[in-house]
Amino acid sequence: MSQTPVFPEGFLWGAATAAHQIEGSPLADGAGPSIWTRFAHTPGMMLNGDTGDVACDHYNRWREDVKLMRELGLTAYRFSVSWSRILPEGTGRVNPKGVDFYSRLVDALLENGIEPLLTLYHWDLPAALDDRGGWLNRDIADWFAEYAGVMYRALDGRVKKWVTLNEPWVVTDGGYLHGALAPGHRSRFEAPIASHNLMRAHGAAVKAYRELGKHEIGLVVNIEPKYPASDSAEDQAATRRAHAYMNEQYLHPALLGHYPPELKEIFGEAWPDWPAEDFELIKQKLDFVGINYYTRNVTRAAESYPLNAAMVKQPLGTYTETGWEVFPQGLADLLLWFKRTYGDLPVYITENGAAFFDPPTADVDPRTGARRVRDPLRIDYLRKHIGAVYDAIQAGVDVRGYMLWSLLDNLEWSLGYSKRFGMIHVNYATQERTPKDSARWYAEVIRTHGRKL
Ligand code: LGS
């Protein structure tokens, strides 16, 4: 990035969260349990035994949180709906109090000039549906479309940007292949089935949207560029597998109507021959794609399950507290790859951000008396990544917005509260919120529409 950036008019500046990570009160007002509530209460699954029972207490403090968003000048907010608040058993009976919670939230956002981006599925499947096979049951495409339809009827018009699934790759890789995330399965045979049903559910929800909704709908994927560690044939092949597995496994069927051939190579006999008509359901016209970007991956051949590839740590690299390399150029590379491969579809950066070790308590600025959390590494990370987004826009990629992960420090899934991604610090003992220096910096970026990066 060389000159003063001028972001496109209407470019959205936002922040992202997910229901289970911030709301707390998972069973309030008639909600049913989700697989994450169940998983978190299974001994040994969560770091430090943390659970989402309270989280950021956003379920009770959402008004305060919307006020904070307004103070920072956000023009968009990406959040997710918890399916089991809406349909406690996953299908059938609708719980009006669950719908009301999100309806009030959306009204408050609109009153404050903040555009809602609503994610229908950010990993918290109703436990009742897991009992019926969850993502392994083909019927889940209908279950998901039913739930989506309830939300479209309740909120379409007020919500104009809908997301079907957040990161199907993580749902499958973490939930069905490696087992570190709910529902905690570890099966090479289940993973392809879960993936395929996620995509069928995505297709069914988009189809239902075309009947019931009038605005925009898309899919959010987590993708990262894979660079070969050397030019050896083995490393090149390993990189190709890793790329197909993470970057093409979901975008290819959704946008091109077929899987990349490498998946058969990776899963072998566990990769079924799918019915051709499934791809008609999966490949629906999308209005945008959301990209979550955190890091890159330098890849070498290695014995590993199931990819036979490994990440090569960069001796000169900078790493975040979660051990992910800071590599802003990767975001620009990725966006250009996306355009080359899938064409000129509008893109939102639906997540980008980092966990760093922030000072544990907010200190007081002696000059102003205001509480402060100094997080210069996060500011540096954000500045460089927003700069990379700008570079991609200059190179012709149609990027329409940037959502910072995350608005608040929150429950980082099985890592519990140990990792803080927020631009707003949360004191979990008192629930006090303190905007970090990065939040003040981001507010200035928004105020100047990115001119002051
Ligand atoms: O909190 C999650 C964030 C944090 O980092 C959010 O709910 C998810 O949607 C998303 O997966 N999130 C996330 N992803 C970073 C994945 C980077 C993986 C790099 C692995 C390298 C060893």
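Note: hydrogens, waters and symmetry copies are ignored here, and every other heavy atom, side chains too, is used. Both ligands and their constituent atoms are indexed starting at 1 by order of listing.
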Side-chain ion pair, K67 and E71, N-O less than 4.0 Å: yes

Any side-chain heavy atom of K161 sitting closer than 4.5 Å to one from Y348? yes

Counting heavy atoms only, which of W169, Y293, W324, W123 comes nearest to atom 17 (C) of ligand 1? W324

Using only atom types and a distance under 3.5 Å, with no angle test, would you say the side chain of N95 pairs donor to acceptor with the backbone of D29? yes

When distances are taken from atom 6 (C) of ligand 1, the protein heavy atom at minimum range is E351 OE1, 3.5 Å

For G73, is there any backbone N or O sitting under 3.5 Å from a side-chain donor or acceptor partner on Y442? no

Checking a contact table here: which protein heavy atom is nearest atom 3 (C) of ligand 1, and how many Å away? Y294 OH, 3.4 Å

Starting from atom 2 (C) of ligand 1, what is the nearest protein heavy atom, named by residue and atom, and what distance separates them? E412 OE1, 3.5 Å

Is E115 paired with K160 through a side-chain N to carboxylate O contact shorter than 4.0 Å? no

Just distances here: any N/O of N166 and N/O of ligand 1 closer than 3.5 Å? yes

Side chains of W337 and T341 only: does a donor on one sit below 3.5 Å from an acceptor on the other? yes

Look at ligand 1 and say whether H122 reaches it with a heavy atom at a distance under 4.0 Å. yes

Counting from 1 in the order shown, the ligand 1 atoms closer than 4.0 Å to a non-hydrogen atom of T295 are 19 (C)

The closest protein heavy-atom partner of atom 11 (O) of ligand 1 is E167 OE1, 2.6 Å

Side-chain donor-acceptor pair present, D287, H215, cut-off under 3.5 Å: no

Under 4.0 Å from ligand 1, counting heavy atoms only, is it the side chain of N222, its backbone, both or neither? neither

Say whether E224, considering both its backbone and side-chain N or O atoms, lies within less than 3.5 Å of an N or O atom on ligand 1. no

